[in-house]
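Okay, so here's the structure we're looking at.
Below, read A as the first sequence line, B as the second, and so on, with proteins coming before strands; counting in each chain starts at 1.
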2 protein chains.
Amino acid sequence: MVSKKQTTIQDIAKALNITASTVSRAMNDHPKISQATKNMVIEKAREMQYQPNAMASNLRKGKANTVGMIVPRINRHFFSNIINGVESILNPAGYNLIICQSEERVSKEIENVKTLISNRVSGILMSLSIETQDVKHLQKVMNHRIPLVLFDRVSNKLPISCVENDDELGAYDMTIHLIDQGYTNFMWMGGPRNVFIYKNRYCGYKKALESRKLKPAQMQIFEGHPTLQVALDFMRNYLEHNKAPDVVFATSDYMAMGAIQACQEKGLKIPDDIAVAGYANEPFSELISPKLTTVEQYSEEIGKAAARLLLEEMLSENDEVIPRKTILRPRLIVRESTVKSKQE
Amino acid sequence: MVSKKQTTIQDIAKALNITASTVSRAMNDHPKISQATKNMVIEKAREMQYQPNAMASNLRKGKANTVGMIVPRINRHFFSNIINGVESILNPAGYNLIICQSEERVSKEIENVKTLISNRVSGILMSLSIETQDVKHLQKVMNHRIPLVLFDRVSNKLPISCVENDDELGAYDMTIHLIDQGYTNFMWMGGPRNVFIYKNRYCGYKKALESRKLKPAQMQIFEGHPTLQVALDFMRNYLEHNKAPDVVFATSDYMAMGAIQACQEKGLKIPDDIAVAGYANEPFSELISPKLTTVEQYSEEIGKAAARLLLEEMLSENDEVIPRKTILRPRLIVRESTVKSKQE
DNA sequence: AAACACAATGCAAACGTTTGCATTTATTTT
DNA sequence: AAAATAAATGCAAACGTTTGCATTGTGTTT
């Protein structure tokens, strides 16, 4: 059994009849400490079950080798894959990650920011909550000179480096694919268009239609919380009172799934009676039947890109950093739900 | 623009012509500080963009109000839901969470443990990596008197509180359901049975069969890495050379999905020609067609239970805590994949 | 009016490191 | 052999809080 208190470098110093400075330097492999002393110290440290006190060390050094990351939710594949990407860059570089969830609430997001500033993290990576409009809390991070990089849900109200998907292009590519398949009567479904990503996806969709001389104005548009249930409810009701469109382009796989279920309930065959496309390439999208045409966003790459930008800012000597943008091109994945069987 | 250095309580004290102690007490709402002073301090703090230095505070107090959590991977619904459960208990109690991934490697797990000890977390929650056999690193945590609770992937080599699923019971219930549906010719699929959870699920399956006088010995058993692809490959090959069983009980939804795909390729109707059951209630399991019968594990509850146990240990005055176990009962979810249509 | 209680604040040490500078000891140069 | 250099370690302050105890000032009791 160990004693009540934790071992400190002082204890080790006392035991070896040297000073704490020497112990500290020995543990940190300082060049001016003799190998003999280093060995002695390291052995003693092990013997006494010494674990450095990161709080004391960080305090003295004025910073922790820790990066804070704020995401709306971790139980979304998109975000947890991004986290993996981030770790794959930051861990080898010697940083630990503190992950916070905003739960899509701006109040929690502000809370998280405060915690991270208080912990004097070396940098912050974040994706804004769906509620976030005002960015005072981001300004605060910048005032504290903490490097900050936004990803996916970004803001352009402040000069901050960020990593984005080219959502407009993703939606554009998808729409062109759908038009090429011969569909003309569209329905668009998406999350609220005050959120950048949905706005951009809508723009891409609109541009594609216009480029082929179709009139987006007359197309159906449904905007709502991007979940299965919301889309299902809407679509059930819609099909009750209206003629089905040729194709539903849902800018969320969950909404696409809702639409599919509503259609199947009505006895509509997909894709022969109605086609459905999604967005995000959620894991289930290739497990369902018909397999869902969607857009892959390379989430892990987003994390890597964001981590690289942050790393550069953290290591930069320069006080004033020029914000940079990384824009990733998504990839269209064509599956069964939008390609009519040959015999038709 | 702010000055290069961060504001400290000293700066606030100087600005108000009082001492740092008073500022500290005012910020922490100490009863002996007058309301007037508190207001003054708080106002000044806001004005000067003060953010408390958690490192200094933690160092002085000897502990951080932080809990460390180690999971094999965060991009599994099972684990990310557990994390949500943990946060729902720990955040209101005033704790922050540091989440670490072991990536199923014992070496990373040991690394993580060291980091958490160094950061003097108030407690650790962990689920062991699939590799972990030796538990010296857990002993180390205990030596440092850091409260520790294991969940899901536990070890009984040390006296540690833990939260487990009753996997045996879950599999038992499922098997009984399948027998009741009239299936007799079984195939069992699962992960490696040296892993506790798969072993237990197998035991439950076996016990159920025996209780109904069926001979498990003659049933088909496939043991492999619990992924869709592995199960798909196996099943394709199996159906090529053998008569299909009545029912496949896969103790992983992904394996079940692989089996389903192989069957559908062969033109077998589910559940009429062959039934398939899974385990874990992955999100996709109710999105596919037919909807998959499976077992819900209440992952969020696991997190809550673990957090509650930890909280008690952290708050306990008592130095020696008696380890406690919470065992959660999973719930059978009967869906389409195992229930024959009425007209048959 | 002296003695007391009480509220509010100040003083100073402590938490465990790190690090610039000073000191000691050993080695090399003149 | 004295002086200069190099190598290894020690000294002490600092990081920004918190907190037990001491001090001050104000109002209350005898």
Side-chain angles (χ1 to χ4, degrees), chain A residues 3-42 44-45 48-66 114-115 117-122 144-145, chain B residues 3-42 44-45 48-66 115 117-122 144:
Chain A
S3 75
K4 183 89 190 174
K5 300 217 342 78
Q6 313 259 358
T7 331
T8 72
I9 51 172
Q10 312 276 1
D11 301 331
I12 299 179
K14 211 158 287 172
L16 293 174
N17 220 29
I18 54 180
T19 58
S21 347
T22 307
V23 175
S24 169
R25 284 191 254 253
M27 297 293 297
N28 293 314
D29 206 21
H30 190 287
K32 288 203 166 178
I33 299 293
S34 72
Q35 196 53 53
T37 311
K38 282 180 188 169
N39 294 340
M40 209 172 67
V41 168
I42 288 168
K44 200 65 170 178
M48 299 178 72
Q49 296 222 52
Y50 171 72
Q51 281 295 334
N53 184 321
M55 298 180 294
S57 159
N58 293 339
L59 172 59
R60 174 58 230 249
K61 292 194 294 194
K63 56 145 75 181
N65 54 345
T66 300
K114 279 189 192 160
T115 305
I117 295 180
S118 274
N119 278 83
R120 300 294 188 269
V121 292
S122 312
H144 280 268
R145 313 256 161 180
Chain B
S3 77
K4 182 91 190 175
K5 299 213 348 76
Q6 314 259 358
T7 330
T8 71
I9 52 171
Q10 313 275 0
D11 302 330
I12 300 178
K14 211 160 287 173
L16 293 175
N17 220 31
I18 53 178
T19 58
S21 345
T22 307
V23 175
S24 169
R25 284 191 254 253
M27 297 293 297
N28 293 314
D29 206 23
H30 190 285
K32 288 204 167 179
I33 299 293
S34 72
Q35 195 54 52
T37 311
K38 282 180 188 170
N39 295 339
M40 209 171 69
V41 168
I42 289 168
K44 198 65 167 180
M48 299 178 73
Q49 297 221 51
Y50 170 72
Q51 282 294 337
N53 185 321
M55 299 180 292
S57 160
N58 293 340
L59 172 60
R60 174 58 231 244
K61 292 193 292 192
K63 55 145 74 182
N65 52 344
T66 299
T115 306
I117 295 180
S118 274
N119 279 83
R120 300 293 189 269
V121 292
S122 313
H144 279 267

Query raised in the report: Given that B:Leu59 and B:Val23 both sit by DNA chain C, which one's nearest nucleotide is further toward the 5' end?
Result: B:Val23
Report task. For the pair B:Lys38 (side chain) and B:His30 (backbone), establish whether a donor and an acceptor sit closer than 3.5 Å, ignoring hydrogens and angles. Result -> yes
**Report entry** B:Thr22 and B:Thr19: side chain donor to acceptor below 3.5 Å
**Finding:** yes
Query raised in the report: Tell me, which of residues 24-42 of chain B have any heavy atom that sits under 4.0 Å from an atom in DNA chain D?
Result: B:Ser24, B:Arg25, B:Asn28
Query raised in the report: Has the side chain of A:Ser118 got a donor or acceptor atom that lies under 3.5 Å from a matching backbone atom of B:Ala54?
Result: no
Report task. Can you see which heavy atom on B:Asp11 is nearest to which on B:Thr8, and at what distance? Result -> OD2-N, 2.9 Å
Report task. Identify whether any heavy atom of B:Ser21 sits under 4.0 Å from a base atom; if not, whether one sits that close to sugar-phosphate; answer base, sugar-phosphate or nothing. Result -> base
Query raised in the report: Sequence neighbours excluded, which residues qualify as side-chain contact (heavy atoms from CB on, under 4.5 Å) partners of B:Arg120?
Result: A:Gln6, A:Gln51, A:Asn53, A:Met55, B:Ile117
Query raised in the report: Counting distance only, does the side-chain N/O of A:Ser122 pair as donor-acceptor with the main-chain N or O of A:Ala64 below 3.5 Å?
Result: yes
Query raised in the report: Roughly how far, to the nearest 0.5 Å, is the NZ atom of B:Lys32 from the OG1 atom of B:Thr37?
Result: 14.5 Å
Query raised in the report: Which two nucleotides bound the region of DNA chain D that has atoms under 4.0 Å from heavy atoms of chain B, read 5' to 3'?
Result: D:dG16 to D:dG20
Query raised in the report: Quick check: are there more than 12 heavy atoms from other residues, nucleotides or ligands sitting under 6.0 Å from NZ of A:Lys114?
Result: no
